[in-house]
Amino acid sequence: MGCGGFTCYKNALCALNVVYMLVGLLLIGVAAWGKGFGIVSSIHIIGGVIAIGVFLLIIAIIGLIGAVSHHQVMLFIYMVVLILVFIFQLVVSCSCLAINTTQVVQFFNVTWSRMGNDTRMDLENSLNCCGLLNTTESRTQFNTDYSMCKAECIKQHKCVTCGDKMLKHADEALKILGGVGLFFSFTEILGVWLAFRYRNQKDPRANPSAFL
């Protein structure tokens with residue numbers, strides 16, 4: 001069969017779903033990396049990206065099985081769900097790219113204020129920093145946190161604030177997540193089109209009198 005026939009659509013759909021599986025794993029990995037720096041507790045968008053990554057991985061497996069077996073029901077479910085994933089992923093990816101530093105700082109301040117002293121000290125030891133942000137509005141809280149800080153950097157008198165460290169990694173994580181998510185969300189439209197075309201192709205190996 002030449003390109004445009006049953007075999008061509010099947011191979012293209014299989015290859016695309018393998019790519020989706022890799023994208024799902026990439027989204028989960030990058031979001032988990034952001035979580036390691038304490039970002040997820042403040043930015044719930046990253047939690048949404050992890051959910052999208054897992055969901056995309058599952059859908060890719062369904063699509064791959066449907067493509068290999070030419071299963072009509074699985075391909076239909078795959079198409080419908082992929083459209084929903086496209087919409088959700090587009091919204092979340094745009095949110096990742098649109099969020100600004102001021103909003104991130106607000107998230108950090110709210111979360112930091114809800115943390116207990118032990119949790120704050122664990123985070124400071126993990127990131128080797130002291131306090132959240134040394135600003136006029138939070139000077140009292142920062143001085144209190146700094147006096148209780150037991151991070152390794154305190155011995156060298158070269159501590160930076162945890163807020164500065166997390167802002168740096170938050171910016172990197174959000175840009176990567178937003179860019180990757182936005183780029184690959186448009187390939188999902190290609191996946192829907194391929195699945196639709198492939199679903200209406202007749203399997204040359206099947207009985208000619210069988211239902212498509």
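In this text, all values refer to a predicted model and were calculated from it rather than measured experimentally. When a residue number appears, it is its place in the shown sequence, counting from 1.
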Worksheet entry | Asp164 side chain to Val160 backbone, donor-acceptor under 3.5 Å | no

Worksheet entry | Non-hydrogen atoms of Leu16 and Leu190 that approach each other most closely | CD2-C, 4.1 Å

Practice prompt. Indicate if Ile59 and Phe186 have the same hydrophobic cluster label, given that clusters are the connected sets of ILVMFWY residues with side-chain heavy-atom separations under 4.5 angstrom.
Written response: yes

Response to the item:
Residues passing the disulfide (SG to SG under 2.5 Å) test with Cys14, sequence neighbours excluded, are none

Worksheet, complete the sentence: The reported gap from CZ in Arg199 to CG in Leu194 (rounded to nearest 0.5 angstrom) is 14.5 Å

Worksheet item: According to the disulfide bond (SG atoms under 2.5 Å apart) rule, which pairs have a member within residues 102-144, sequence neighbours left out?
Response: Cys129-Cys162, Cys130-Cys149

Discussion item. Once rounded to the nearest 0.5 Å, what's the spacing between atom CD1 of Ile61 and atom CG of Asn17?
Written reply: 10.0 Å

Worksheet entry | Atom of Arg120, atom of Asp145 and distance for their closest heavy-atom approach | NH1-OD1, 3.4 Å

Discussion item. Do Ile77 and Ile189 sit in one hydrophobic cluster, given that two such residues count as connected whenever their side-chain heavy atoms are within less than 4.5 Å of each other, even indirectly?
Written reply: yes

Discussion item. For Met121, is there any backbone N or O sitting under 3.5 Å from a side-chain donor or acceptor partner on Lys150?
Written reply: no

Worksheet item: So, the side chain of Asn200 versus the backbone of Phe196: is there a donor-acceptor pair under 3.5 Å, distance only?
Response: yes

Worksheet item: Among all residues two or more places apart in sequence or in another chain, which pass the side chain to side chain contact (heavy atoms under 4.5 Å, CB included) test with Phe88?
Response: Ile52, Val92

Practice prompt. State whether the side chain of Ser93 and the backbone N or O of Leu90 hold a donor-acceptor pair below 3.5 Å, judged by distance alone.
Written response: no

Discussion item. Using a 3.5 Å distance criterion without hydrogens, assess whether the side chain of Ser185 forms a donor-acceptor pair with backbone atoms of Phe86.
Written reply: no

Discussion item. Just to verify, what does Thr187 make a side chain to side chain contact (heavy atoms under 4.5 Å, CB included) with, not counting sequence neighbours?
Written reply: Tyr20, Phe184

Discussion item. Can you list everything that forms a disulfide (SG to SG under 2.5 Å) with Cys153? Sequence neighbours excluded, please.
Written reply: Cys159

Fill in: Tyr198 versus His70, closest heavy-atom pair with distance
O-NE2, 3.1 Å

Worksheet item: Of the non-hydrogen atoms in Gly179 and Leu97, which two are nearest, and what is the gap between them?
Response: N-CD2, 3.9 Å

Item to complete: Give a yes or no on whether Phe183 and Val19 share a hydrophobic cluster (residues Ile, Leu, Val, Met, Phe, Trp, Tyr; joining criterion: side-chain heavy atoms under 4.5 Å apart).
Response: yes

Item to complete: Taking Ser113 for its side chain and Val110 for its backbone only, find out whether a donor-acceptor pair lies under 3.5 Å.
Response: yes

Worksheet item: Nearest heavy-atom pair of Gly191 and Tyr78: which atoms, and what distance?
Response: O-CE2, 4.1 Å

Discussion item. Quick one, Leu25 and Met21 - any side-chain contact, counting heavy atoms below 4.5 Å?
Written reply: no

Response to the item:
Tyr146 meets the ring-ring contact (aromatic ring centres under 6.0 Å, His included) criterion, sequence neighbours left out, with Phe142

Practice prompt. For Leu26 and Val180, work out which heavy atoms get closest and say how close.
Written response: CD2-CG1, 3.9 Å

